[in-house]
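Working notes for the structure below.
These values consider heavy atoms only, across backbone and side chains, with no hydrogens, waters or symmetry-generated copies. Position 1 is the first residue of the sequence; numbering continues from there. In listed order, ligands and their atoms are each counted from 1.
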Amino acid sequence: MKIFNAAQIQALDKETVSNQYISSFKLMERATTKVFEKLQTRYKLYQTSFVIFCGTGNNGGDGLTLARLLKEGGAMVKVFLVQTKKYSPDNAQNQDLLEDRDINVEKFNTKSKLKVKKDDVIVDALFGIGLHSPLDEEWRPIFDFLNETPCLERVSIDMPSGLLADVTTPIEAIVFKADVVYTFQLPKTALLLSDAKEYVKELEILDIGLDLDYIESTKSDAYFVEQEKVRNLVKSGTKFSSKDDFGRVILIGGSKGKIGAMTLASKAAMNTGSGIVTTYVPNCGYTILQTAIPEVMCDTCAGEDYIKVFPSVEHYDAVGVGCGLGLHKDTATALVTFLKDNKDKKLVIDADALNIISEQKCLDKVPVESILTPHEKELKRLIGEWDNDFDKIDKVKQLAKKHNVIFVLKGAHTITIAPDETIYFNSSGNWGMATAGVGDTLTGMITSLLGQGYTSKEAAIVGVYLHGLAGDIAIENIHPHSLVASDLGKNISSAYNQIAL
Ligand SMILES: NC(=O)C1=CN([C@@H]2O[C@H](COP(=O)(O)OP(=O)(O)OC[C@H]3O[C@@H](n4cnc5c(N)ncnc54)[C@H](O)[C@@H]3O)[C@@H](O)[C@H]2O)[C@H](O)CC1
Ligand SMILES: [K+]
């Protein structure tokens with residue numbers, strides 16, 4: 001699914017109205033009906049009271065339409081509408097439709113005293129994608145009230161009001177803190193970034209039937225990766241496949257006390273479909289690995305507790321480096337030599353291998369089309385501080401292009417950034433996956449896919465999605481708090497099954 005900026009969505013809105021021969025009023029009704037249907041399943045309408053805060057534009061128009069639909073659905077509804085001289089035409093038309101429907105509509109301004117009861121649902125329909133700059137300070141008392149007053153839940157239509165859709169919103173800006181955001185048709189970049197974590201606790205994208213041809217023909221360099229996209233990329237075996245068809249991969253890493261990382265990575269590589277997996281660890285890891293995973297071959301180097309020499313990798317289809325590697329200076333020296341000696345080998349680089357590359361300032365030695373999978377702290381060591389998520393993405397884009405490598409920025413919506421400046425936000429996964437070893441599992445999975453013949457970009461996109469989906473399937477039976485990295489490995493098979501459906 002493409003991600004559009006606000007201007008592109010507004011153009012899409014206009015195209016839809018013209019191509020589908022419907023009025024913008026009808027489109028608003030169609031969009032809001034989707035929100036209504038969601039609320040209908042989230043709450044028992046006849047027992048729920050909604051207080052809807054409406055702005056002066058079309059986001060406010062959505063709120064007014066929702067008021068009418070909720071009232072018809074049996075809910076209790078109260079509307080607070082921003083006082084102004086000029087409303088958008090669809091907003092005004094919906095105001096007229098609320099007359100004689102026994103809905104209390106109270107006009108307010110930034111100085112008004114608002115009232116919400118503790119079991120009300122607050123609906124925020126103040127500002128959507130039409131917001132062109134951060135809200136003025138005069139709005140602070142209203143938003144402080146909306147964000148702090150006790151209530152059942154906070155719901156935003158399209159955007160949490162105050163959040164700009166496609167450029168950064170300053171940290172101190174005034175923004176509504178939504179429990180759930182129902183956004184229309186396509187996700188907006190700001191909704192997917194961790195800078196918005198306080199404002200978007202849950203996100204749902206509602207298909208409102210906007211013009212598909214226009215979406216198809218409009219250029220975008222940002223995508224939201226969903227199951228359909230991954231389904232089209234996943235390769236499968238044939239009756240006559242042999243293990244050589246599924247790639248021979250080697251995972252290099254481990255140090256005393258961190259052999260578990262290699263166990264997780266190599267198990268995940270097997271479960272993702274590699275024909276043959278070899279792990280290369282220091283001596284102390286040999287018995288552990290051979291005992292833990294019979295399917296995996298184990299090779300060791302001269303070092304007892306850490307890797308002193310890297311192996312020859314010419315006979316492998318893909319190489320994963322870094323899980324549990326440690327930062328010993330001999331390991332660092334060996335890694336730098338390894339990078340210089342293997343300029344033509346695409347690598348998957350994770351954890352301490354990334355930290356060593358940062359310390360040694362040798363990103364330029366990384367082979368082209370390698371995949372780097374930093375988490376937040378590893379990325380900071382690599383590129384320094386950033387001002388905000390948009391700035392972070394820009395910096396990484398430049399680096400990916402300069403070095404012709406792929407970055408996988410791990411997080412809630414893991415972001416894959418390719419050298420052609422396209423970026424992919426992942427849609428699968430859950431907070432239970434914020435636990436040790438999950439990154440090692442991902443490295444094993446991406447290495448496996450690279451070895452199976454996926455391009456670097458495909459391996460990153462598919463690996464990240466499958467990994468998140470395995471986590472989503474795991475929490476069907478396990479509480480997110482109890483999810484551990486090995487639960488992901490166990491569910492890779494179910495993730496494949498679900499994608500193949
Ligand atoms: N295609 C779709 O996705 C559809 C979207 N719908 C809804 O329409 C809004 C966008 O509506 P629009 O009228 O363009 O803008 P807003 O309602 O978001 O707000 C505009 C309103 O606010 C004023 N304004 C802008 N910036 C500021 C600011 N910094 N401070 C104060 N006031 C500001 C501006 O002048 C306007 O008056 C979209 O989000 C959806 O909710 C349709 O309903 C269906 C199709
Ligand atoms: K809103």
Side-chain angles (χ1 to χ4, degrees), residues 2-20 22-36 52-66 68-69 80-94 109-110 122-140 142-143 146-147 154-167 169-170 173-188 190-191 196 199-200 203 205-212 214-215 218:
K2 284 180 183 169
I3 297 173
F4 281 1
N5 60 32
Q8 288 171 317
I9 293 172
Q10 268 147 359
L12 171 61
D13 199 352
K14 283 202 180 75
E15 283 290 319
T16 304
V17 166
S18 131
N19 295 349
Q20 298 183 0
I22 59 164
S23 61
S24 58
F25 175 83
K26 273 282 168 220
L27 181 59
M28 180 177 279
E29 181 122 339
R30 195 206 278 174
T32 309
T33 302
K34 295 287 177 175
V35 179
F36 169 75
I52 307 178
F53 292 84
C54 300
T56 59
N58 285 346
N59 195 251
D62 296 339
L64 295 163
T65 312
L66 185 67
R68 176 161 46 86
L69 298 176
F80 282 99
L81 173 66
V82 173
Q83 170 87 59
T84 187
K85 287 197 188 82
K86 196 165 184 313
Y87 295 94
S88 74
D90 294 331
N91 182 309
Q93 194 173 342
N94 273 297
N109 60 34
T110 52
I122 295 180
V123 178
D124 150 41
L126 287 166
F127 299 94
I129 57 163
L131 188 78
H132 48 64
S133 56
L135 286 172
D136 191 89
E137 273 305 307
E138 65 169 341
W139 282 97
R140 196 167 290 280
I142 298 289
F143 278 71
L146 293 177
N147 286 334
R154 294 177 172 80
V155 176
S156 281
I157 302 184
D158 209 23
M159 292 293 295
S161 294
L163 189 69
L164 298 161
D166 48 43
V167 290
T169 307
I174 301 161
V175 184
F176 184 76
K177 296 180 178 168
D179 293 303
V180 56
V181 177
Y182 295 111
T183 203
F184 294 137
Q185 198 71 36
L186 304 173
K188 287 82 191 164
L191 298 173
Y199 316 129
V200 188
L203 174 67
I205 301 160
L206 308 181
D207 182 348
I208 60 165
L210 297 184
D211 193 83
L212 290 180
Y214 186 80
I215 296 177
T218 303

Can you tell which of [options] gets a heavy atom nearest to [atom]?
{"atom": "atom 1 (N) of ligand 1", "options": "Asp13, Asn91, Leu12", "value": "Asp13"}
{"atom": "atom 18 (O) of ligand 1", "options": "Ala11, Cys54, Gly128", "value": "Gly128"}
{"atom": "atom 15 (O) of ligand 1", "options": "Ala173, Ser133, Gly130", "value": "Gly130"}

For [X], the ligand 1 atoms whose distance to one of its heavy atoms is below 4.0 Å:
{"X": "Ile9", "result": "1 (N), 3 (O)"}
{"X": "Gly57", "result": "13 (O), 17 (O)"}
{"X": "Leu210", "result": "1 (N)"}
{"X": "Gln10", "result": "14 (O)"}

Consider ligand 1: state whether an atom of it lies below 4.0 angstrom from any non-hydrogen atom of [X].
{"X": "Pro134", "result": "yes"}
{"X": "Arg30", "result": "no"}
{"X": "His132", "result": "yes"}

Salt bridge check: are Arg68 and Glu29 linked by an N-O gap of less than 4.0 Å?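 Yes.
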Over all heavy atoms of both residues, which pair between [X] and [Y] is shortest? Give the atoms and the distance, please.
{"X": "Ala190", "Y": "Leu164", "value": "CB-O, 3.0 Å"}
{"X": "Lys177", "Y": "Arg154", "value": "O-CD, 3.2 Å"}
{"X": "Leu191", "Y": "Leu163", "value": "CD2-CD2, 4.1 Å"}

Please report which non-hydrogen protein atom sits nearest to [atom], along with the residue it belongs to and the distance in Å to one decimal place.
{"atom": "atom 30 (N) of ligand 1", "value": "Leu135 CD2, 3.8 Å"}
{"atom": "atom 8 (O) of ligand 1", "value": "Asn58 CB, 3.2 Å"}
{"atom": "atom 42 (C) of ligand 1", "value": "Asp62 OD1, 3.7 Å"}
{"atom": "atom 28 (C) of ligand 1", "value": "Leu131 CD1, 3.7 Å"}
{"atom": "atom 10 (C) of ligand 1", "value": "Ile129 CG1, 3.9 Å"}
{"atom": "atom 9 (C) of ligand 1", "value": "Asn59 N, 3.7 Å"}
{"atom": "atom 21 (C) of ligand 1", "value": "Thr56 OG1, 4.1 Å"}
{"atom": "atom 31 (C) of ligand 1", "value": "Phe127 CE2, 3.9 Å"}

What angle, to the nearest 10°, do the atoms OD1 (Asp124) and O (Ile157) form about the K ion (ligand 2)?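 Output for this angle: 150°, rounded to tens.
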Please note down the angle at the K ion (ligand 2) between O of Met159 and O of Phe127, to the nearest 10°.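 Phe127 O and Met159 O form an angle of 90° at the K ion (ligand 2).
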Per-residue contact class, Gln185 against ligand 1 - non-hydrogen pairs under 4.0 Å: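 No part of Gln185 comes within reach of ligand 1.
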Side chain or backbone of Asp158 under 4.0 Å from ligand 1, or both, or neither, by non-hydrogen atoms?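 The part of Asp158 near ligand 1 is the side chain, not the backbone.
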Atom 34 (C) of ligand 1 touched by protein heavy atom at under 4.0 Å: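 Protein heavy atom within 4.0 Å of atom 34 (C) of ligand 1: absent.
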Can you tell me how far apart [atom1] ([X]) and [atom2] ([Y]) are? Round to the nearest 0.5 Å.
{"X": "Leu212", "Y": "Asp207", "atom1": "CG", "atom2": "CG", "answer": "7.5 Å"}
{"X": "Leu27", "Y": "Ile22", "atom1": "CG", "atom2": "CD1", "answer": "4.5 Å"}
{"X": "Gln185", "Y": "Leu206", "atom1": "CD", "atom2": "CG", "answer": "9.5 Å"}
{"X": "Arg140", "Y": "Asn147", "atom1": "CZ", "atom2": "CG", "answer": "10.0 Å"}

Phe127-Trp139 aromatic ring centre distance below 6.0 Å: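 Phe127 vs Trp139: aromatic centres under 6.0 Å.
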With distance as the sole criterion, is a donor-acceptor pair present between the side chains of Thr183 and Lys188 under 3.5 Å?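 Present: a donor and an acceptor within the cut-off.
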Looking only at the side chains, is there a donor atom on one of Asp158 and Asn59 sitting less than 3.5 Å from an acceptor on the other?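 Looking only at side-chain atoms, Asn59 and Asp158 do not form any donor-acceptor pair under 3.5 Å.
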So, Asp211 side chain and Tyr214 main chain: donor-acceptor pair closer than 3.5 Å or not?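 A pair under 3.5 Å: yes.
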Checking the side chain of Asn91 only, and the main-chain atoms of Gly55 only, is there a donor and an acceptor separated by less than 3.5 Å?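 Yes, the answer is positive, given that a donor and an acceptor are paired below the 3.5 Å cut-off.
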Set out, in order, the CA-CA distance, both residues' side-chain angles and the distance that settles side chain to side chain contact (heavy atoms under 4.5 Å, CB included) for Phe184 and Ile157, then state yes or no. CA-CA 8 Å; Phe184 294 137; Ile157 302 184; 3.7 Å; yes
Does any N or O of ligand 1 fall below 3.5 Å from an N or O anywhere on Ser88, backbone included?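 Not met; the criterion fails.
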Any N/O/S atom, backbone or side chain, of Asn59 lying under 3.4 Å from the K ion (ligand 2)?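 Yes.
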